[in-house]
Amino acid sequence: MRIAPITSLDEPALADYARLTDVALRRVTEPAGGLYIAESLTVIERALRAGHEPRSVLTSERWLPELEALLVDRDVTVHVGEAGLLEELTGFHLHRGALASMHRPPLTPVAELLRDARRVVIVEDVVDHTNVGAIFRSVAGLGADAVLVTPRCADPLYRRSVRVSMGTVLQVPWTRLPEWDEAVPLLHDAGFTIAALALADDAVDLRSFAADAPERVAVVVGTEGDGLSGAALEAADTVVTIPMAHGVDSLNVAAATAVALYALQARP
């Protein structure tokens, strides 16, 4: 760990933190992986525990003791500056301890991720990073094994997604799913029943489905507003709905995911 006092915001080494342009960071070295920003000491610790490698760290002097404990044996530069200077650089008050520019790990092949899984969540085209992060937190907390995100789903490693997930996006195995015509054979070959969470006249009540659930279930959840696409519903082996009351037709996608996972917790 090397400490580098910030003397100028124009230093090239600080470019990763300038206005935190997540999309630009993601494309730095794509398709090899790119970068993402880990925000807070807790998230940085979880990223390191997951085996992710930091490119650099940004912090103020008060947080150095905690960072030294995390980075004692790592060859990484820690940029240190006054709070006002850091806010000018990033565009917000850095009150969570530190930011780290992390190298993205390569995505796991879908078949490998599914091999030992019993409960997975497929997130189709959810573009709200807060919802994506909340879904990952539910997956971690309720014991599902993995998350598969479709090609147009928001980036789970976007800074807001990571923060809302409380860093669980760095713990839960996940990868990108191909389009449905390629995804369905991968899921069926691994023995998964594809259960679309949606409103439909022929939908199965979640209680009934959970009472005799298949050994391996992939729960598919969709974006707010339009819900699941026609392709997702066509790909599904069954459509499952959560019974609602008082004229409410559905829950927020993250809440619905949590309810479904609780009902479908795999029995030992």
Worksheet item: Between Ser161 (side chain) and His129 (backbone), is there a donor-acceptor pair under 3.5 Å?
Response: yes
Worksheet entry | Any Leu58 side-chain heavy atom under 4.5 Å of Leu86 side chain | yes
Worksheet item: Does CZ in Arg207 sit with more than 12 non-hydrogen atoms of other residues, nucleotides or ligands closer than 6.0 Å?
Response: no
Discussion item. Looking only at side-chain N and O atoms, does Trp180 offer a donor or acceptor that is under 3.5 Å from a partner on Glu124?
Written reply: yes
Worksheet item: Would a 4.5 Å heavy-atom cut-off, applied to side chains only, mark Leu157 and Met102 as touching?
Response: no
Worksheet item: Are Leu107 and Val139 co-members of a hydrophobic cluster defined by side-chain heavy atoms under 4.5 Å apart?
Response: yes
Discussion item. Under a 3.5 Å distance rule, please check whether Arg119 uses its side chain to pair with a backbone N or O of Leu264 as donor and acceptor.
Written reply: yes
Worksheet item: Is there a donor-acceptor contact under 3.5 Å from the side chain of Gln265 to the main chain of Leu261?
Response: no
Worksheet item: Does the pair Asp145/Arg118 count as a salt bridge with the N-to-O cut at 4.0 Å?
Response: no
Discussion item. How close do Leu177 and Ala183 get, counting heavy atoms only, and between which atoms?
Written reply: CG-CB, 3.5 Å
Worksheet item: Side-chain donor-acceptor pair under 3.5 Å between Glu82 and Ser60, yes or no?
Response: no
Fill in: Between NE2 on residue His79 and CG on residue Leu9, distance to nearest 0.5 Å
12.0 Å
Discussion item. Using a 6.0 Å cut-off, check whether atom CD of Glu61 has over 12 heavy atoms from anything other than its own residue.
Written reply: no
Practice prompt. Assert yes or no for the condition that the ring centre distance of His52 to Tyr36 is strictly below 6.0 Å.
Written response: yes
Worksheet item: Where the side chain of Glu87 meets the backbone of Gly84, is there a donor-acceptor pair that is under 3.5 Å apart?
Response: no
Worksheet item: Are the side chains of Val217 and Phe192 in touch, meaning some heavy atoms are under 4.5 Å apart?
Response: no
Discussion item. Closer than 3.5 angstrom, by distance alone: can the side chain of Tyr158 be matched with the main-chain N or O of Gly133 as a donor-acceptor pair?
Written reply: no
Item to complete: Write down the atom of Pro156, the atom of Val132, and the distance for their closest heavy-atom approach.
Response: CA-CG1, 4.0 Å
Worksheet item: Given the rule in the side chain to side chain contact (heavy atoms under 4.5 Å, CB included) test, do Arg55 and Asp16 qualify, once you have shown the distances and angles that lead to the verdict?
Response: CA-CA 9 Å; Arg55 177 152 107 158; Asp16 292 355; 2.7 Å; yes
Worksheet item: Do Val204 and Leu228 belong to the same hydrophobic cluster, where Ile, Leu, Val, Met, Phe, Trp and Tyr are linked whenever their side-chain heavy atoms lie under 4.5 Å apart, directly or via other members?
Response: no
Discussion item. Can you see whether Thr77 engages Arg2 through a side-chain donor-acceptor pair at a distance of less than 3.5 angstrom?
Written reply: yes
Practice prompt. Tell me, yes or no, whether the heavy-atom count around Glu68 atom CD, taken from other residues, nucleotides or ligands under 6.0 Å, exceeds 12.
Written response: yes
Worksheet item: Does the side chain of Arg74 come within less than 4.5 Å of Leu48's, by heavy atoms?
Response: yes
Worksheet item: Any sub-3.5 Å donor-acceptor pair from Ser165's side-chain atoms to Val169's backbone N or O?
Response: yes
Item to complete: Would you name the heavy atoms of Ile194 and Ala235 that are closest together and state the gap between them?
Response: CD1-O, 3.7 Å
Fill in: Ala117 versus Val120, closest heavy-atom pair with distance
CB-CG1, 3.7 Å
Practice prompt. Please check if the side chain of Arg216 supplies one atom and the backbone of Leu187 the other of a donor-acceptor pair under 3.5 Å.
Written response: no
Fill in: Contact check, side chains of Val253 and Thr223, non-hydrogen atoms, under 4.5 Å
no
Worksheet item: What's the spacing between Thr108 OG1 and Arg115 CZ if we round to 0.5 Å?
Response: 10.0 Å
Item to complete: Look at the side-chain heavy atoms of Ile, Leu, Val, Met, Phe, Trp and Tyr, link any pair under 4.5 Å apart, and say whether Val239 and Val121 land in one connected group.
Response: no
Fill in: Side-chain heavy atoms of Leu142 within contact of Thr257, under 4.5 Å
no
Worksheet item: Side-chain heavy atoms under 4.5 angstrom apart, residues restricted to Ile, Leu, Val, Met, Phe, Trp, Tyr: same cluster for Val221 and Phe209?
Response: yes
Fill in: Full working for side chain to side chain contact (heavy atoms under 4.5 Å, CB included) between Val240 and Thr238
CA-CA 6 Å; Val240 178; Thr238 185; 4.1 Å; yes
Worksheet entry | Hydrophobic cluster identity match, Leu199 and Val259, side-chain contacts under 4.5 Å | no
Worksheet, complete the sentence: Heavy-atom closest pair (Thr130 atom, Val164 atom, distance to 0.1 Å) is O-CG1, 3.5 Å
Discussion item. I'd like to check Val43 versus Arg163 (side-chain heavy atoms, cut-off strictly below 4.5 Å). Are they in contact?
Written reply: no
Worksheet item: Roughly how far, to the nearest 0.5 Å, is the CG atom of Asn131 from the CZ atom of Arg160?
Response: 11.0 Å
Worksheet entry | Pairing of Arg104 and Glu53 as salt bridge, 4.0 angstrom limit | no
Worksheet entry | Trace of the side chain to side chain contact (heavy atoms under 4.5 Å, CB included) decision for Thr241 with Leu197 | CA-CA 6 Å; Thr241 190; Leu197 206 60; over 6 Å; no
Worksheet item: Which atoms form the tightest heavy-atom contact between Ser56 and Val76, and what is the distance?
Response: CA-CG2, 3.7 Å
Fill in: Asp125 and Thr150 side chains, donor-acceptor separation under 3.5 Å
yes
Discussion item. Check whether Thr168 reaches the backbone of Gln171 with its side chain - one donor and one acceptor, N or O, closer than 3.5 Å.
Written reply: no
Worksheet entry | Pair Val147-Val123, side chain to side chain contact (heavy atoms under 4.5 Å, CB included): steps then yes or no | CA-CA 7 Å; Val147 175; Val123 186; 3.8 Å; yes
